[in-house]
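Chain letters run A, B, ... following the sequence lines, proteins first, then strands; residues in each count from 1.
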Amino acid sequence: MQLIECPYCGPREEVEFHYGGQAGVAYPADPAALTDEEWGRFVFVRANPKGRFEERWSHAAGCRRWFTAVRDTATYRFSR
Amino acid sequence: MAETLTRTGALDGWAARFAELPDSVALLAEPFHTMTSVRGETTLRPNTWVEEDGFDAVWLGPDEVLRTSPFRSAAELGGTDVSAQRTTIRLRGAHARDLLETGCAIDLHPRVFGAGSAAVTLLGQANVILLCLGENDYRILVRSSFAAYLAEWLLDAATEYRG
Ligand SMILES: [Zn+2]
């Protein structure tokens with residue numbers, strides 16, 4: 001168990017948070033123009049680095065806001 | 001035949017069990033509080049609540065404030081009426097903080113969480129809004145459907161303070 005820093009509430013217990021996957025995945029400008037494969041890539045394919053990873057997190061049991069945090073996938077440590 | 005509708009609370013019927021507790025962990029299901037949600041920018045500081053003109057204002061997020069009052073109507077408070085969402089429990093006594101600390105991960109020491117502090121967090125497994133009213137004096141706002149669970153949890157956690 002560790003504390004995660006909510007940018008609004010401050011450090012809170014990890015169980016209060018909900019994981020939201022890779023950050024910065026842009027919604028296609030013209031979704032209708034995408035092929036099925038391109039749409040599939042947008043929906044399902046994500047980076048899977050070992051190390052620093054920018055992620056979306058939601059403070060689900062607190063202020064319920066989404067924020068972007070940087071976590072090391074090898075150590076599980078958060079950095080800012 | 002005219003029917004009379006009576007307002008009931010999620011913790012009606014718990015008074016007798018609460019009354020068995022010692023004064024060091026006194027529990028009270030408080031009377032109905034009107035609650036409204038007000039969205040938009042706020043000057044309230046994060047993790048605090050303040051007494052305003054006829055209501056309490058609780059910081060819930062950077063653009064969300066909960067107004068509560070036991071005697072004002074939702075229209076008087078302004079915002080969206082969310083009174084039915086939560087019920088209100090008061091916990092006070094010499095061991096009030098000790099009891100909460102058995103099921104709440106945030107630091108409740110008065111130097112961090114003194115009078116005027118507020119937190120949306122977990123108590124046991126329930127999502128609550130926890131307000132510090134003074135030393136060893138707390139108001140707990142809990143969703144009505146979780147109120148019985150939380151009351152049961154509080155009673156269980158209070159076991160060690162019974163005589
Ligand atoms: Zn938060």
Side-chain angles (χ1 to χ4, degrees), chain A residues 1-31 42-80, chain B residues 35 37-49 57-67 79-80 82 85-86 100-109 111-114 116-132 140-143 145-146 149-150 153:
Chain A
M1 209 59 91
Q2 67 173 335
L3 297 174
I4 296 176
E5 175 98 13
C6 169
Y8 308 107
C9 307
R12 292 295 185 88
E13 199 73 29
E14 183 183 347
V15 293
E16 292 191 5
F17 295 85
H18 182 83
Y19 183 62
Q22 182 180 358
V25 179
Y27 192 77
D30 184 6
F42 163 70
V43 174
F44 298 113
V45 180
R46 295 289 180 268
N48 186 23
K50 180 180 181 183
R52 217 185 102 91
F53 194 31
E54 279 194 22
E55 302 168 323
R56 297 293 284 166
W57 284 83
S58 160
H59 189 188
C63 64
R64 313 197 315 286
R65 264 60 188 187
W66 285 93
F67 60 94
T68 298
V70 178
R71 182 178 65 101
D72 188 308
T73 58
T75 64
Y76 212 91
R77 290 244 166 78
F78 283 79
S79 56
R80 290 169 86 23
Chain B
M35 299 185 201
S37 170
V38 179
R39 301 301 298 262
E41 272 193 35
T42 169
T43 54
L44 266 183
R45 282 184 302 117
N47 303 319
T48 64
W49 70 274
V58 185
W59 185 92
L60 294 189
D63 59 354
E64 187 177 13
V65 171
L66 185 75
R67 292 180 175 176
T80 307
V82 294
Q85 189 182 170
R86 296 186 182 88
L100 290 177
E101 282 172 345
T102 64
C104 184
I106 63 171
D107 187 355
L108 297 178
H109 192 280
R111 75 174 164 249
V112 178
F113 199 83
S117 294
V120 187
T121 187
L122 293 171
L123 181 57
Q125 300 288 319
N127 194 211
V128 298
I129 300 172
L130 184 63
L131 310 178
C132 183
I140 305 164
L141 278 52
V142 60
R143 297 212 162 82
S145 54
F146 280 85
Y149 158 79
L150 190 68
W153 185 90

Legend entry - Spacing of L141(B) atom CG and Q85(B) atom CD [to the nearest 0.5 Å]: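 It comes to 9.5 Å.
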Inset, instruction - With the side chain counted from C-beta on, respond yes when F17(A) and R12(A) share a heavy-atom pair under 4.5 Å apart, and no when they do not. - result: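 A side-chain contact exists here, since the closest heavy-atom pair is under 4.5 Å.
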Legend entry - Expected output: side-chain W49(B) to main-chain C132(B) donor-acceptor under 3.5 Å: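 Looks like yes, one N/O pair under 3.5 Å.
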Inset, instruction - Using atom types as modelled and distance alone, determine if a side-chain donor or acceptor of N47(B) lies under 3.5 Å from a backbone N or O of C9(A). - result: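 Pair found, side chain donor or acceptor close to backbone of C9(A).
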Legend entry - Region of D63(B) that comes under 4.5 Å of a non-hydrogen atom in chain A: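 It is both, since atoms from each part get that close.
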Legend entry - Which portion of L122(B) sits near chain A, non-hydrogen atoms under 4.5 angstrom: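 When you check distances to chain A, atoms from both the backbone and side chain of L122(B) fall under 4.5 Å.
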Legend entry - Option that, when pairs with chain A are counted at under 4.5 Å, heavy atom only, ranks first among L60(B), T121(B), I106(B):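 Of the candidates given, the most pairs with chain A belong to T121(B).
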